[in-house]
Protein chains: 2
Amino acid sequence: MKLRHLTFRLLEVYVAVIRSGSLSEAARRLHLTQPTISLQLKRLSEAVGEPLIEFRQGHLFMTAAGEALFSACQDMLGRFEELQEQLQGLQEGRSGHFSIALVNTAQYILPRLLGPFSQAFPEVEVTVEIGNRAQMMERFQRQQDDIYIFSHPPSLEHALAARFLRNPLVVIAPAQHPLAQAKKLPLSALQQERFLLREPGSATRMLFDSWLQTHGMTLQRSIQMASNEAIRVGVAAGMGIAVISQHALPAGNQHLVELDLDTPPSESYWHFIVRREHRLAYSARNFLHFVDRHLEEHLDARYVCHDLHELLNSV
Amino acid sequence: MKLRHLTFRLLEVYVAVIRSGSLSEAARRLHLTQPTISLQLKRLSEAVGEPLIEFRQGHLFMTAAGEALFSACQDMLGRFEELQEQLQGLQEGRSGHFSIALVNTAQYILPRLLGPFSQAFPEVEVTVEIGNRAQMMERFQRQQDDIYIFSHPPSLEHALAARFLRNPLVVIAPAQHPLAQAKKLPLSALQQERFLLREPGSATRMLFDSWLQTHGMTLQRSIQMASNEAIRVGVAAGMGIAVISQHALPAGNQHLVELDLDTPPSESYWHFIVRREHRLAYSARNFLHFVDRHLEEHLDARYVCHDLHELLNSV
DNA sequence: CTTCTATATTGATAATCATCTATAAGTATT
DNA sequence: AATACTTATAGATGATTATCAATATAGAAG
């Protein structure tokens, strides 16, 4: 038995013949002529090296070899269909895997999108990479992930970016802070405060620095901390005040207050970023589509932006 | 994904590539050139409609689609090998099915051959048809079975016959019969006995009748019974005497004696018979081979004939 | 015995394929 | 940069295939 030239088509023909119990009927079903079926069958039989069917009393019967083949055909074609199903799932993004890399602060947002997505598409596996901006930039350079989330997108030469959420910054202070209840504070009022800062290079820090600069201020005292958590806890404990993303601020924290400034820190936007040349995994694409459809549903509608459409069209 | 022209060969190539992790290496293993592999892979990828592999850091990786395909390939090729194994089993007669039809008396012999055969080839299914000569002749005419066992083979025009065992006939009487101990009895001494006979048409009856005829005898009294069992029991119970195949006579029956005649009934032979045109099932052929090899082992060596060889050569 | 229907065969054609050699182009290791 | 791998592409060839229309043949039904 030489498998070499056995084609799935041939097996399909055979199965059709057996199922319909007649060559002509099979021909009709497959939209072929009867001689074609006859020939195919002959070829198949030659490949197997045994007669497969025989006619007795005008009816078609399988030989033992024919039955073995038929059973094998069903199994193999069944597995083949399963494969097709699987591939289709991949192409429609219903299954598969993608990875998404985000800077620390974004981890307060992404789960609200990823959670519902995973429920809707349980077959999709997602790897989430989290780190500071420098680390994520490195991953971006190396093209290690399908999707990135930055608030300040890197050079758009090799990437496409789409805003999806405003990223308002707020100044937080401990609840007992003397200025806690003040209104329309001038920035200068904070000159003497001790600031808890994210590391240089982080988006929040970059925004903060430029905010200071536009107001011609320099800090007297500051402490650098690598995580929003640490800063939040630090502020609550009275170590100082800080500027952080509003999203990193859980609602109803009794130990913290937002200071009301006359010129609040300028805000930025969260972006989805994909590499231009890296063909987006179907599942990743599907995720972005999902996000585009359900942004308002899962995130604060006041801050939502709808730029994803364009990105999805050009990928 | 168009399955039409997907050939098993192509899947084999793909599996070889993945297993070896390199096109060139796969080419070497399959005794092909590298460009061939490259092209095949391209074709396969086109058929699937997705890239299957990609190279990163000089190493080959599968895409998600590639992995799905690979897994499917393994399954399908595995099933294919199983089929090949099955077909080979059929061709060697190690598996499959055949039917053997025999007249009643042969059922005392066949199990001794069929038992060991079934042990040696547990995968072979055998259907045993048993009936009187008329019934078996009808089956023979209709070509319903692979092998027949007759003591008088039917017309050899459409069949081949091979003797494999002598079929000696004996005259049995109840143990208390007045002639039980007599030596060299003339046939005429039995003239007045009541004979228990098999039905006309049965081989035993035919032999018996011709035996009588050659001695110019006619029976005074007889009773017809359709089975050897019934006759044996009948004789033991004193209903009369009978001529039966020695094989139908269990050794050491206290209630029966064999009469010692000066001219014993002529004996016949058991034959295997196969139809000339009907291609013998591999398993049936294998059975005959088995029998040919193990005749002495399982049957009384004194009665064995070795004609099977010729039959097997000409089928 | 004829008629129908089903299968087998023949002959032809265009497409596809497997496979080769030769060559280009891309990487990784000196 | 050079070398020694790799993979990719091009062009050629002979084999194989799928497919058809037309026709022959066999088996069943009337």
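From a predicted model like this one, the values you see are computed outputs, not experimental measurements. Here is the naming used below: chain letters follow the sequence lines, and residue numbers restart at 1 for every chain. Values below: every heavy atom of this structure, side chains too, minus hydrogens, waters and symmetry copies.
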Quick one: is dC20(C) close enough that its OP1 or OP2 comes under 4.0 Å of any side-chain N or O from Gln34(B)?
no
At what angle, to 10 degrees, do the two end axes of the helix from dC1(C)-dG30(D) to dT30(C)-dA1(D) meet, given five pairs define each axis?
30°
Rounded to whole Å, the NE2-C1' distance (His31(B) to dC20(C)) equals 17 Å
Respond yes when some side-chain nitrogen or oxygen of Thr36(B) is under 4.0 Å from OP1 or OP2 of dA18(C), and no when none is.
no
Taking the six-membered ring of Phe121(A) (Phe, Tyr or Trp), confirm whether the NZ or CZ of Arg94(A) is under 6.0 Å from its centre and within 45° of its axis.
no
The side-chain hydrogen bond (donor to acceptor under 3.5 Å, both in side chains) partners of Ser99(B) (sequence neighbours excluded) come to Asp145(B)
Closest non-hydrogen atom pair between Ala68(A) and Gln86(B), with its separation
CB-NE2, 3.8 Å
N/O (side chain, Lys42(A)) to phosphate O (OP1/OP2, dT7(C)) under 4.0 Å
no
Should the ring pair Phe150(A) and Tyr148(A) be called parallel, tilted or perpendicular, given that the plane angle runs from 0 to 90° and is split at 30 and 60?
parallel
Distance test, side-chain N/O of Arg43(B) to OP1/OP2 of dA18(C), below 4.0 Å:
yes
Using whole Å, report how far CZ of Phe61(A) lies from C1' of dA6(C).
15 Å
Using a 4.0 Å heavy-atom cut-off, does Leu32(A) contact any base of the nucleic acid, only the sugar-phosphate backbone, or nothing at all?
sugar-phosphate
Distance-only polar pair, side chains of Thr105(B) and Arg133(B), donor-acceptor under 3.5 Å
no
Reckon Leu39(A) touches a base, only the sugar-phosphate, or nothing at all at heavy-atom distances under 4.0 Å?
base
How many Å lie between CD on Glu54(A) and P on dT7(C), as a whole number?
15 Å
Pairing of Arg43(A) and Glu46(A) as salt bridge, 4.0 angstrom limit:
no
Please state how far atom CG in Leu10(B) lies from atom P in dC17(C), giving the value in whole angstrom units.
9 Å
Rounding to an integer number of Å, can you tell me how far Ile53(B) CD1 sits from dG26(C) C1'?
15 Å
For this output row, return yes or no: ring centroids of Phe287(A) and Phe98(A) closer than 6.0 angstrom.
yes
Minimal heavy-atom distance between Phe70(B) and Met62(B), with the atoms involved, is CB-SD, 3.7 Å
Of all nucleotides in DNA chain D with an atom under 4.0 Å from a non-hydrogen atom of chain A, which is the first and which the last going 5' to 3'?
dT17(D) to dA28(D)
Rounded to whole angstroms, how far apart are CZ on Phe55(A) and P on dA6(C)?
11 Å
Distance-only side-chain donor-acceptor flag, Ser71(A) / Arg79(B), under 3.5 Å:
yes
In whole Å, I'd like the distance from the CG atom of Leu23(B) to the P atom of dA24(C).
20 Å
Nucleotide dA18(C), atom P - distance to CG of Leu44(B) in whole Å
10 Å
